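Heads up, the thing below is written out as C-alpha cells.
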Amino acid sequence: MTLVKICGIKTLKDALAALNYGAWAIGEVFAPSRRRIEVEDAARINRYLGDRIVKVGVFVDEKVEEVAYIARTCKLDLVQLHGNESPEYVEELHYPVIKAWRVEKRLCREDVRKFKVWAYLFDTAAYGLKGGSGRTFDWNLIRDFYGSRDIILAGGLNAANVGEAIKRVKPLAVDVSSGVEQAGEKDAAKIKLFMEKVKEADRYVS
Ligand SMILES: O=C(O)c1ccccc1NCC(=O)[C@H](O)[C@H](O)COP(=O)(O)O
C-alpha cells in the first residue's frame, strides 16, 4: 500500500478532507510560502486531529531550537527538512526527520544515506522555489532508490500521473500539494480522485 501525504494544509476543513479520504499524513509548511501556516493555527488543527493522522511540519533552514519549539507546540510527528540542512543538523534535532532532496542530477545512495533519518523525500528542483512547484522531475535520476521503503516521491504529482509514478518508483509514500489544488486552494474532489488513483495503482504493485 502506498501512503499519501497531502502537503500545504492550512485549514481544519482541508485536514479533515485528507483524513476522511484516507491520507496517511498532512504537511504543514512553516517556511516562507503562500502555503505557510501560523503556529497557533497548526497547534489548534493538530489538537483536534489527535493521532488519527500523521502531522508533518515542513521547514527550510530554520534554527534547530525553533523547529524543536514548533514541533512540540504543534505536536508534530515528523519534521520535513526542505533546505540545505546538514547531517549534523539532523542529529542535533533529536526528532524523526524526512530529509527532502531537490533532484537535479542522478542521486547516489552514499550521499543520500549520510542523513540518518526516518525517510528521504525526492522533489523537483525549481528555480526560486524550495518546494511546492507543481512540476515533475526525471524519475530516472532516482532509479537507485526504486522500491526502497524509506522514500517519498514528490513534485508535480496529480491524479493523471500518480499511477505511473507508483508503478515505476514503488515508493513508501507519495506527496502532493499543487496537484490537489484549485485556484491555489486545496480541493476536496481532487484529493478524493488522487486517493482513488493511488489505490488503483496499488493493485498492480506487489
Ligand atoms: O509547498 C510549499 O509551498 C513549500 C514551500 C517551501 C518548502 C517546501 C514546500 N512544500 C513541500 C512539499 O512537501 C510539497 O508537497 C512538495 O514540494 C510537492 O509539491 P507539488 O509539486 O506542488 O506537489
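Values reported hereafter were calculated over all heavy atoms of this structure, with side chains retained and with hydrogens, waters and symmetry mates removed. Here the structure is a predicted model, which means the values were calculated and not measured. First listed ligand is number 1; within each ligand, the first listed atom is number 1.
- The ring pair (Phe, Tyr, Trp, His ring centres under 6.0 Å) test with Trp101 singles out one residue from Phe115, Phe137, Tyr120, and that residue is Phe115.
- Contacts between Ser178 and ligand 1, counted as non-hydrogen atom pairs separated by less than 4.0 Å, involve both the backbone and the side chain.
- In this view, Ser133 and Thr124, Ala126, Leu129, Arg135 satisfy the side-chain contact (heavy atoms from CB on, under 4.5 Å) rule, not counting sequence neighbours.
- Arg113 and Asp144 are not joined by a salt bridge, as no carboxylate oxygen comes within less than 4.0 angstrom of a charged side-chain nitrogen.
- Every atom of ligand 1 with a heavy atom of Gly156 under 4.0 Å away is listed here by number and element: 20 (P), 21 (O), 23 (O).
- Per-residue contacts place Val60 under 4.0 angstrom from the following atoms of ligand 1 (heavy atoms of the residue considered): 7 (C).
- Within the 4.0 Å heavy-atom cutoff, Arg36 does not count among the residues contacting ligand 1.
- For ligand 1, the atoms closer than 4.0 angstrom to any heavy atom of Asp175 are 12 (C), 13 (O), 14 (C), 15 (O), 16 (C), 18 (C).
- Counting heavy atoms closer than 4.0 Å to ligand 1, residue Gln80 contributes side-chain atoms (C-beta onward) but none from N, CA, C or O.
- Applying the 4.0 Å criterion to heavy atoms of Val58 picks out, from ligand 1, the atoms 8 (C).
- A parallel orientation is assigned to the rings of Phe59 and Phe30, their planes being inclined by less than 30° (bins at 30° and 60°).
- Across Gly83, Gly27, Gly131, Cys7, heavy-atom proximity to atom 4 (C) of ligand 1 is greatest for Gly131.
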Report task. Report the C-alpha distance between Lys186 and Ser177 in whole Å, list the side-chain angles of each, state the deciding distance to 0.1 Å, and finish with yes or no for side-chain hydrogen bond (donor to acceptor under 3.5 Å, both in side chains). Result -> CA-CA 8 Å; Lys186 291 291 177 286; Ser177 191; 3.2 Å; yes

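- Of all the atoms in ligand 1, the ones that sit under 4.0 Å from a non-hydrogen atom of Lys5 are 13 (O).
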